[in-house]
Amino acid sequence: MAQALRAEPRPELDGVSVSIRDLSLAYGAVEVLGDLNLDVNEGEFLVLLGASGCGKSTLLNCIAGLQPATKGQIFISGQNVTWAEPSERGIGMVFQSYALYPQMTVEGNLSFGLKNARVPRDEIARRIARAASTLQLEPLLKRKPAALSGGQRQRVAIGRALVRDVDVFLFDEPLSNLDAKLRAELRVELKRLHQNLGNTMIYVTHDQIEAMTLADRIAIMRGGKIQQLATPDDIYRRPANLYVAGFIGSPPMNLLPGRLEGNIFHGPLVADVTGYDFTTRPRGGEAVLGIRPEHVRTGEAAAALPIRAQARVEVVEPMGADTLVWTRLGDTPFRVRLDGEDRVRADQMLSIGFDPASLSLFDAATETRI
Amino acid sequence: MAQALRAEPRPELDGVSVSIRDLSLAYGAVEVLGDLNLDVNEGEFLVLLGASGCGKSTLLNCIAGLQPATKGQIFISGQNVTWAEPSERGIGMVFQSYALYPQMTVEGNLSFGLKNARVPRDEIARRIARAASTLQLEPLLKRKPAALSGGQRQRVAIGRALVRDVDVFLFDEPLSNLDAKLRAELRVELKRLHQNLGNTMIYVTHDQIEAMTLADRIAIMRGGKIQQLATPDDIYRRPANLYVAGFIGSPPMNLLPGRLEGNIFHGPLVADVTGYDFTTRPRGGEAVLGIRPEHVRTGEAAAALPIRAQARVEVVEPMGADTLVWTRLGDTPFRVRLDGEDRVRADQMLSIGFDPASLSLFDAATETRI
Amino acid sequence: MPGPLRAGSFPLTGGTLMARSGPPIRLLQNWPAKLAAAPMILTALVVFIGCSLWTVVHSFTNSRLLPRLDFVGLAQYERLWSTPRWQVSIENLAIYGICALVLTLAIGFLLAVLLDQKIRFEDGFRTIILFPYALSFIVTGVVWQWILNPDFGLQHIVRGMGFSGFSFDPLNDPNLVILALLAAGIWQGAGLTTVIMLAGLRGIDEDVWKASRVDGIPAWKTYLFIILPMMKPVFATCVVLISAGIIKLYDLVVALTRGGPGIASEVPAKYVYDYMFGNQNLGQGFAASTMMLAAVLAIIIPFALFRMGRKRHV
Amino acid sequence: ADLEVTHWWTSGGEAAAVQELARIFEEQTEHSWVDGAIAGSGSTARPIMVSRIIGGDPMGATQFNHGLQAQELVEAGLMQDLTEVAEANGWRDTINPVSLLDACTFEGRVYCAPLNIHSPQWMWTSLSAFEKAGVEPATTWEELKAAAPALREAGILPLAQGMQGWQTALLLYGMISGIGGADFYNQVFAERDEEALNSDTLKNIFAEYAIARNLASGGNLSDWNMATNRIIEGTAAAQVMGDWAQGEFALAGKTAGTDYGCHIGLGGEPVIATGGDAIYFPVNSDAAVTEAQRALAQVILSEEAQVAFNAAKGSLPVRGDIDLASVNECTQAGLETLKAGNTIPTIDLVMSSDSRGQIEDLTAEFFGSDLSAEDAHARFVQIVQSEM
Amino acid sequence: MSDAAYPAAAAAPPRSAAPRGRLLDGPAGLVPTRRLSGKRIMIYGGLLIFSAYYLLPLWVMVMTSLKGMPEIRMGNIFAPPVEITFEPWVKAWSSACTGLNCDGLSRGFWNSVAIVIPATILSIAVAAVNGYALVNWRFRGSEVFFTILIFGAFIPYQVMIYPIVIILREIGLMGSVWGLVLVHVVFGMPIITLLFRNYFSSLPPELFKAARVDGAGFWGIFLRVLVPMSLPIFTVAVILQVTGIWNDFLFGVIYTRPESYPMTVQLNNIVNSVQGVREYNVNMAATLLTGLVPLTIYFLSGKLFVRGIAAGAVKG
Ligand SMILES: Nc1ncnc2c1ncn2[C@@H]1O[C@H](COP(=O)(O)OP(=O)(O)OP(=O)(O)O)[C@@H](O)[C@H]1O
Ligand SMILES: Nc1ncnc2c1ncn2[C@@H]1O[C@H](COP(=O)(O)OP(=O)(O)OP(=O)(O)O)[C@@H](O)[C@H]1O
Ligand SMILES: [Mg+2]
Ligand SMILES: [Mg+2]
């Protein structure tokens with residue numbers, strides 16, 4: 001077996017930076033990852049997105065070699081690294097809690113790994129200088145982490161990954177500990193960094209805005225399994241199943257239960273879905289109709305659309321740039337997102353309408369898209 | 001002294017539920033609150049919004065009587081409660097960390113305070129039943145907090161305030177420990193609760209979405225002082241100073257430094273601001289022009305607007321319902337928010353434009369709105 | 001290319017990416033950790049398990065001055081349990097143990113609560129309460145012997161104040177001698193408990209306090225009904241520390257009372273020691289220590305199982 | 001060579017005696033004495049000695065009460081064979097009673113050097129105390145009992161009794177040999193005769209023992225020398241203690257006959273128990289140390305050392321051929337008894353440490369509680385009978 | 001968008017309530033503190049009573065040690081000395097006798113120092129590595145060994161004395177200072193390992209992971225990342241071990257020779273070698289002298305100890 005595993009770089013892995021084959025991991029009897037397969041292309045920014053506890057960090061730790069897998073194989077840059085030490089895998093990693101070495105200066109933090117690898121001193125200096133300039137850390141090099149702000153700490157943590165000169169970066173919720181404003185800024189910095197470096201990046205988050213804005217592709221995980229792996233746009237517009245549909249989007253997609261008969265959906269409202277882009281041959285039966293709050297039009301704009309209804313406004317949430325209106329269709333709460341300029345009051349009646357092209361339909365039993 | 005506490009309601013406080021007069025608080029030499037004045041009307045939902053450490057919690061604790069003030073007075077429902085015990089002030093309070101009594105059941109948590117106040121047993125039962133039904137806690141009454149989810153715990157904490165049958169509720173970041181989805185749900189529940197009960201609520205948060213959606217009025221605090229006290233709409237559209245302008249809105253307002261000469265603004269772009277609703281008589285001099293990313297139009301829509309420019313797209317952040325585009329005017333980063341359907345690519349040129357009516361102008365020296 | 005075994009045992013060798021290409025060998029996985037933990041493993045196996053087993057085995061022999069494998073069945077145990085001194089020792093340990101545990105916890109908690117009231121000189125008070133912990137039992141014994149000395153100490157003083165009928169001589173009164181042990185034991189040990197409890201109190205979420213103040217609950221009730229139950233883990237730590245000390249109670253008895261008057265303050269550990277060395281009946285001493293071991297296991301195993309079980313279920 | 005000697009002779013008289021021995025040893029040989037005193041008592045010191053011997057780190061010489069205590073160490077071959085020294089110096093001829101040498105002999109070989117004879121059964125009285133109470137100084141147990149009420153009246157403790165097990169047991173042995181007589185003592189301890197054990201004599205002795213408990217009540221004493229000190233001060237009337245108490249009297253500058261009285265046994269026929277201390281020499285690998293060991297063994301039985309040591313300690317020499325003209329009347333009385341052959345074996349020679357320990361526990365319990373004389377007797381019989 | 005959508009500034013609610021905000025009559029400012037005094041009296045009263053209980057023995061020790069024997073016999077152990085004498089201290093330090101050795105505690109002091117230093121360093125080093133391996137490098141059975149170790153904390157020492165004599169004999173350390181050091185390492189291990197384990201498990205595991213990604217090995221992570229940030233727990237461990245080892249009597253007396261007896265053994269010897277009257281003043285002075293080292297450490301370390309305990313002990 002050892003022979004087989006020690007094979008030369010494989011042609012089938014060309015262009016694939018990280019490849020995960022049939023990876024399983026269990027803590028005792030609890031299976032956390034189950035037969036997971038994933039290929040990350042070279043230079044790709046892949047985001048692992050999912051609710052807390054779905055196994056994102058565990059998967060990332062497996063890739064990094066910090067958590068031995070129960071079963072399966074991991075290839076990085078064409079090498080089988082399933083049993084390699086973390087430092088030998090050609091990865092850099094950034095953690096949510098920064099994990100800076102508190103008693104070392106910023107410079108010490110950046111150079112620790114290189115010193116361990118016995119990189120020559122001038123090479124270390126060169127790499128630190130480069131990382132520091134990329135991340136604007138120059139004025140901080142002599143400080144200790146305690147004397148840095150959250151954003152600065154995270155930049156140092158990224159720098160620590162950067163100096164390792166590796167092909168693959170792993171991020172585990174790097175921005176979660178920062179406040180909203182800083183998070184938005186660092187997000188853009190990260191995006192720029194990726195554009196400049198072109199490395200493969202695997203990024204764990206449970207913040208969908210981060211996922212949507214950063215990712216080339218998003219893998220949505222649930223219970224240790226990947227639910228959908230696609231571009232942000234695809235995931236947003238064509239969620240593969242009910243879980244993804246409900247998970248992505250804030251406010252989330254409105255989901256109306258009902259029956260599909262031919263092209264007619266009977267539920268809290270009756271809708272002719274002609275024009276919907278079916279994935280499979282449509283079958284009649286229990287179905288769920290999903291429509292994003294921002295795809296619902298109101299007032300005059302609604303009148304022109306094929307699917308229409310009237311609803312009473314229950315709660316109005318002004319959010320500045322836009323306003324979220326809570327109504328109800330039948331018993332199902334129904335959210336509508338309006339422009340911030342629109343004025344609606346609680347208790348008023350609202351005409352709403354939407355286009356079949358912008359909705360999603362799911363099989364109620366299998367929960368998958370139809 | 002006890003006499004003074006029991007004074008008659010004062011006519012000048014009619015319609016005012018909580019009144020704070022010249023309140024100061026210092027920890028040793030550090031002044032945390034400085035001569036603060038604030039009137040909260042009966043039935044009003046007031047949100048205290050500000051960055052971490054600005055004194056929001058401290059102010060709330062002063063109102064609750066948990067933190068004795070160094071100077072000043074506090075009136076609740078017309079009574080001077082400056083020296084009163086927290087439990088005598090007619091307030092209920094909800095904390096970020098829930099602060100449930102862990103070894104008591106939900107029912108015990110709800111009733112412990114009432115039992116202490118020697119409320120008759122059937123009255124206790126009645127109030128618990130009412131609070132439980134309002135918050136849908138009935139199935140949880142016999143459980144202990146450890147067996148509840150975060151959202152359920154926070155509902156119990158709210159219930160504990162509810163059963164006290166008080167006029168004023170104080171919330172200290174009650175939703176901060178919850179995940180985004182739950183936060184959005186509980187936010188709506190809170191809003192409904194306020195609509196139904198009509199109590200006065202004072203709510204501390206650093207999440208501007210919460211502030212915008214919940215508040216009747218928002219008080220923006222900074223360094224122990226109130227920067228602006230106004231409706232969410234006002235704060236969003238007419239920020240009183242640069243701090244508020246930068247603080248509110250996500251992504252934040254674009255702020256362009258320049259000079260105002262007559263009605264012409266010279267900065268990274270030259271803009272004729274005729275049509276801007278000046279607060280004060282416009283004076284020439286250093287000024288800052290602010291425009292929210294969502295008020296910037298692009299392409300054809302921009303062409304019709306009085307202020308126009310061309311900018312190169314640096315980064316595109318798709319966020320589902322909308323897309324954030326980072327450009328640059330002169331040296332200043334400039335954000336534009338587009339609809340999610342719009343397609344832009346990095347490096348393309350973008351024509352942008354906006355209306356003088358939707359911008360804000362600030363004096364660069366005093367940082368206040370002009 | 002190194003063979004799989006060497007590659008497994010030296011994970012840091014080889015090229016950056018070609019270090020290890022076969023599955024590692026189980027026993028050699030993590031080898032530096034295992035090597036570093038060798039002292040612990042040896043201690044656990046050789047000293048704690050090995051010595052205990054050695055003792056248990058020899059408790060079935062009639063070893064006298066030197067250990068001998070001359071088995072006599074349960075004879076030592078039969079004799080042990082028919083010895084009045086052993087019964088008295090067990091009784092004393094039970095009484096002392098329960099009282100010391102309860103009192104130390106109660107005093108520790110009370111003092112921690114008092115220290116937690118944002119008082120001035122907290123450091124000073126804390127140091128005063130903690131300092132006896134720095135002293136050896138020999139010292140503690142000598143001092144309390146002196147204070148309780150009927151001719152010079154407390155009794156003498158009180159009598160000197162005019163209460164000539166006053167009599168308090170616990171060191172020579174078989175019924176009161178436990179009190180002397182308790183006074184000295186708690187004097188020495190409660191400080192650490194106080195410090196741990198204080199740390200526990202400080203670790204409790206401030207908001208709980210605020211909530212109870214808003215609810216109008218008096219401070220003592222908050223401590224009793226809310227804070228106390230929240231301190232369960234801290235109490236567990238204290239109970240472990242205190243009871244480990246109680247079971248081993250020996251030095252204090254020797255220094256303070258020598259088991260007297262008569263055999264009124266004998267404890268099991270002293271029985272073991274005296275029989276093993278004074279009376280040169282190792283077998284009997286081993287039987288007694290095996291009983292102590294059994295008692296410890298009887299207390300600890302359910303506790304450990306309970307904790308493990310809880311961990312698994314969460 | 002340096003010879004480390006461990007012992008538990010730390011009280012005033014004892015230390016003075018050791019001092020003498022060490023001085024003579026260093027004077028007469030080229031070796032030096034390294035003192036390894038361990039305070040407390042035998043039960044503190046013995047485990048330390050035993051564990052060092054079996055731990056392979058033996059001291060040069062060590063004190064043991066001779067008898068069964070060290071027998072197993074000898075059996076295990078851990079003790080130096082002194083037969084040559086003994087034969088060369090004619091120990092068998094000089095040591096009196098010769099049973100002391102027998103106690104050192106195992107399978108015909110000699111393994112220890114007897115140092116002194118302890119006679120535990122003495123009653124020491126404070127003449128000034130009796131004077132204060134206005135009664136004749138007691139010379140027997142019966143007289144002490146009779147004088148007790150008057151002594152109590154005068155605020156004097158009739159019997160100073162340390163509450164430690166070995167002291168309470170010592171009183172019991174004294175009563176058995178003193179009241180029951182030498183033969184009875186032998187029947188009880190040496191022969192473990194069923195009849196004697198269940199005899200009225202023994203029951204009666206236990207009744208007397210209970211009376212002793214009453215006479216001692218209120219004393220609150222633990223260490224034996226604290227009790228002796230009460231006699232010296234005159235705040236207690238009598239103490240039953242071994243001859244080593246004389247060392248304390250001497251140290252306090254008291255003289256026999258004028259300040260204190262000494263009475264062998266408790267008033268009956270004077271018999272003396274011949275036990276005592278012996279020095280053992282653990283086997284070691286250093287030839288120089290072995291040399292020093294032999295030298296010390298020789299010194300111990302030298303005339304000079306016997307005189308100096310025993311005079312300081314107040315005990316009796318083990319050599320019958322020494323003329324102790326200078327000794328006081330108490331020692332004289334002891335010597336005479338010894339000469340007359342009125343001896344009984346000490347308890348260490350007839351009972352194992354184990355049984356002795358149990359008896360000590362029993363008597364300590366008896367003194368520290370209100371255990372009845374009958375129960376104590378019953379348990380005593382049981383302990384003695386279970387002796388193998 | 002017309003101006004009408006934006007209410008004029010004047011129509012907006014007052015920007016701050018200042019115009020209405022003058023103080024009204026009634027209570028203002030700080031709560032008067034007098035109301036709390038009853039409670040404060042109880043708190044301080046309680047603390048003072050306990051302090052008396054704790055300090056009394058110390059007081060008695062110091063006072064007694066400064067009196068001459070005649071004064072002690074006359075009287076009140078609590079009374080301060082009429083005539084202060086340092087004789088007992090001098091005697092206890094340099095001339096109190098045990099058997100033939102009349103050099104007081106001075107020799108034992110240096111013996112204790114010679115034992116405490118290596119034993120403390122070694123036992124803490126071993127325990128710290130144990131704690132580290134237990135938290136960060138779990139291997140099969142590591143928890144089992146740890147559990148056994150904790151059981152060991154409960155086993156009465158007497159049970160171990162004999163077998164350890166045999167073990168020490170077999171490895172040839174019986175009677176040497178290193179044998180005693182080994183014994184202290186073994187018996188200090190359970191509690192100190194527990195402390196370190198708790199402390200290390202309270203550190204973020206990411207730190208450890210980051211160091212592994214950085215290529216640091218078992219010792220590299222321990223020495224260069226974890227140890228430098230473990231000052232509080234090392235302080236606690238040092239204090240516990242120094243005092244524990246300093247105060248040890250049983251092991252000191254059994255596993256060493258007289259010439260290297262620690263101070264406590266000599267204290268016991270002095271206290272129990274009664275020569276005529278008990279010299280209480282010398283005993284007390286000796287007692288204080290013996291306690292001086294650990295007491296100083298406690299008085300000096302103060303907060304550090306408490307902080308370390310909080311870091312290492314509170315989490316069960
Ligand atoms: N050491 C462990 N032992 C047992 N179960 C574990 C362990 N570590 C993690 N788990 C479980 O594995 C699952 C996945 O954990 P993981 O940390 O990967 O989740 P995550 O997706 O990163 O969540 P989060 O967003 O909260 O970080 C969880 O259910 C968790 O309870
Ligand atoms: N006990 C205290 N002693 C000294 N300073 C304090 C104390 N409590 C709070 N402060 C300081 O007072 C200021 C205000 O604190 P406060 O808790 O009110 O902030 P906040 O606005 O609630 O912040 P956050 O959003 O982080 O909760 C902070 O600068 C804080 O450092
Ligand atoms: Mg995670
Ligand atoms: Mg706060």
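Chain identifiers are assigned alphabetically (A, B, ...) following the order of the sequence lines, protein sequences preceding nucleic acid strands; residue numbering begins at 1 within each chain.
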Using 0.5 Å steps for rounding, measure from the [atom1] atom of [X] to the [atom2] atom of [Y].
| X | Y | atom1 | atom2 | value |
| --- | --- | --- | --- | --- |
| D/D361 | C/T83 | CG | OG1 | 8.5 Å |
| D/L362 | C/I263 | CG | CD1 | 8.5 Å |
| C/S63 | D/E72 | OG | CD | 8.0 Å |

Step through the shown structure and confirm whether more than 12 heavy atoms of other residues, nucleotides or ligands are within 6.0 Å of [atom1] on [X].
| X | atom1 | answer |
| --- | --- | --- |
| D/Q382 | CD | no |
| D/Y173 | OH | yes |
| D/E153 | CD | no |

Q.
Please classify the contact of C/D173 with chain D as side chain, backbone, both or neither, using a heavy-atom distance under 4.5 Å.
A.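 Answer is neither: C/D173 stays 4.5 Å or more from chain D.
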
message: Only pairs of heavy atoms separated by less than 4.5 Å count here; which of C/R85, C/E266, C/R68 has the most with chain D?
response: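 Answer, by heavy-atom pair count under 4.5 Å with chain D: C/R85.
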
Under the criterion side chain to side chain contact (heavy atoms under 4.5 Å, CB included), I'd like the reasoning laid out for C/Q284 against D/Q358: C-alpha separation, chi angles, the key distance, then a yes or no. CA-CA 12 Å; C/Q284 180 67 181; D/Q358 286 177 276; over 6 Å; no

### Message
Measuring only between side-chain heavy atoms, which start at C-beta, is D/S386 closer than 4.5 Å to C/R79?
### Response
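A side-chain contact under 4.5 Å is absent here.
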
Smallest separation among heavy atoms of C/P174 and D/G368, with atom names |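 Of all heavy-atom pairs spanning C/P174 and D/G368, the closest is CG-O, 2.8 Å.
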
